[in-house]
Amino acid sequence: MQDYINNLPKLAKDKHKENKTFFTKLKKKPPKQLDYIMQELHEEEFTKTDCLECANCCKTTGPLFTDRDVERIAKHFKMKTQKFIDQFLRVDEDNDYVLQSVPCTFLSADNYCSIYDVRPKACREFPHTDRKKFQQISNLTLKNVAICPAAFNIVEKMKAQIKV
């Protein structure tokens with residue numbers, strides 16, 4: 001698995017132009033059943049993918065934290081919201097709360113998340129391959145195929161199944 005994760009950025013780069021062309025066409029004319037197809041591909045892939053073997057998303061990127069996320073996680077730690085922000089987060093160039101550093105502060109050595117039950121929405125939904133109106137997040141998906149082996153596999157199966 002680690003070899004695959006290490007090769008993922010190169011694999012994604014090699015497929016980037018092909019994927020970008022595919023998503024551009026998909027945006028113009030998405031199939032009526034796209035959300036259903038994506039749900040199926042997502043579910044099928046995650047019967048074979050164990051995120052605990054990988055955790056590459058937690059090791060290489062940080063999620064956005066919504067105000068609700070911040071409040072929920074601060075409450076979990078029995079901290080005041082501002083103290084949680086000061087200790088763990090920073091404001092990025094888009095004025096969003098993000099982690100001060102990666103890998104994620106809450107990732108354990110065994111790839112378990114210490115705040116799994118209260119984790120940010122962005123973490124719960126990652127890699128967003130089962131999202132409704134999937135064609136609207138193609139730029140995000142293009143980034144995620146370089147991070148998440150499951151997202152890469154889903155996009156490859158998607159291109160084979162959907163002719164645009």
Side-chain angles (χ1 to χ4, degrees), residues 1-70 72 89-107 111 113 115-116 119-164:
M1 175 62 124
Q2 194 56 50
D3 286 343
Y4 188 46
I5 295 165
N6 294 342
N7 289 325
L8 199 56
K10 185 189 180 324
L11 289 169
K13 187 178 179 196
D14 292 347
K15 296 278 188 174
H16 184 77
K17 189 175 179 187
E18 177 185 312
N19 289 347
K20 195 170 172 99
T21 301
F22 175 80
F23 282 121
T24 300
K25 289 178 182 177
L26 187 72
K27 252 186 189 174
K28 288 180 184 165
K29 196 168 191 273
K32 282 187 165 77
Q33 298 293 318
L34 181 62
D35 290 343
Y36 176 75
I37 293 166
M38 293 312 299
Q39 184 73 40
E40 262 188 10
L41 291 173
H42 178 92
E43 286 175 11
E44 179 189 331
E45 182 61 32
F46 280 97
T47 62
K48 299 179 267 185
T49 300
D50 181 0
C51 294
L52 292 173
E53 284 182 28
C54 179
N56 198 43
C57 52
C58 307
K59 293 172 184 172
T60 61
T61 63
L64 297 181
F65 285 72
T66 65
D67 290 338
R68 268 195 170 147
D69 293 332
V70 172
R72 183 179 61 256
L89 306 179
R90 67 178 175 81
V91 176
D92 72 1
E93 59 281 351
D94 296 325
N95 219 23
D96 292 315
Y97 286 121
V98 294
L99 290 170
Q100 289 177 3
S101 62
V102 290
C104 179
T105 311
F106 308 110
L107 181 66
N111 288 344
C113 174
I115 61 166
Y116 189 81
R119 69 195 183 280
K121 182 177 187 249
C123 298
R124 280 195 307 274
E125 295 178 353
F126 192 85
H128 312 285
T129 46
D130 60 345
R131 192 151 132 186
K132 298 225 183 301
K133 297 185 179 162
F134 177 80
Q135 72 279 8
Q136 294 178 350
I137 60 160
S138 57
N139 288 341
L140 179 61
T141 304
L142 284 170
K143 289 178 186 170
N144 289 346
V145 295
I147 298 164
C148 176
F152 183 89
N153 294 340
I154 290 166
V155 169
E156 290 304 300
K157 287 178 185 153
M158 180 186 180
K159 289 186 302 189
Q161 190 171 333
I162 301 170
K163 300 301 173 206
V164 289

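- Pairs of residues two or more places apart, or lying in two chains, never qualify as salt bridge (charged side-chain N to carboxylate O under 4.0 Å, His left out) while including a residue from residues 91-106.
- Atom OH of Tyr97 sits in a sparse spot, with 12 or fewer heavy atoms from other residues, nucleotides or ligands closer than 6.0 Å.
- Looking only at distances, a side-chain donor or acceptor of Arg124 sits under 3.5 Å from a matching main-chain atom of Arg119.
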Donor-acceptor contacts under 3.5 Å from residues 154-163 side chains, at least two apart:
residue : atom : partner : partner atom : Å
Glu156  : OE1  : Lys15   : NZ           : 3.2
Glu156  : OE2  : Lys159  : NZ           : 2.8
Lys157  : NZ   : Glu45   : OE1          : 3.0
Lys159  : NZ   : Glu18   : OE2          : 2.6
Lys159  : NZ   : Asn19   : OD1          : 2.5
Lys163  : NZ   : Ala160  : O            : 3.1

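- Take Gln100 and apply the side-chain contact (heavy atoms from CB on, under 4.5 Å) test, not counting sequence neighbours, and it matches Arg90.
- Applying the ring pair (Phe, Tyr, Trp, His ring centres under 6.0 Å) test to Tyr4 and every residue at least two apart in sequence or in another chain returns nothing.
- Considering only residues two or more places apart in sequence or on other chains, Phe126 meets the ring pair (Phe, Tyr, Trp, His ring centres under 6.0 Å) condition with His128.
- Under the side-chain contact (heavy atoms from CB on, under 4.5 Å) criterion, Ala122 pairs with Pro63, sequence neighbours left out.
- By the side-chain contact (heavy atoms from CB on, under 4.5 Å) test, Glu40 pairs with Tyr36, sequence neighbours left out.
- Screening residues 20-33 for salt bridge (charged side-chain N to carboxylate O under 4.0 Å, His left out) gives no qualifying pairs among residues at least two apart or on separate chains.
- Among pairs with a residue in residues 125-144, those fulfilling salt bridge (charged side-chain N to carboxylate O under 4.0 Å, His left out) read Lys121-Glu125, at least two apart in sequence or across chains.
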Inset, instruction - Apply the test side chain to side chain donor-acceptor pair (under 3.5 Å) to residues Gln39 and Asp35: give CA-CA distance (whole Å), side-chain angles for both, the deciding distance (0.1 Å), then the verdict. - result: CA-CA 6 Å; Gln39 184 73 40; Asp35 290 343; over 6 Å; no
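- Shortest non-hydrogen contact noted between Ile115 and Phe106 is CD1-CD1, 3.6 Å.
- Minimum heavy-atom separation, Ile147 to Asn56: O-ND2, 2.7 Å.
- Listed by chain and number, the residues in a side chain to side chain donor-acceptor pair (under 3.5 Å) with Gln33 amount to none (sequence neighbours excluded).
- The side-chain contact (heavy atoms from CB on, under 4.5 Å) test applied to Pro9 returns no partner, not counting sequence neighbours.
- Scored by the side chain to side chain donor-acceptor pair (under 3.5 Å) test, Thr66 finds Asp69 as partners (sequence neighbours excluded).
- Expressed to the nearest 0.5 Å, how far OG1 of Thr129 lies from CD1 of Ile137 amounts to 8.0 Å.
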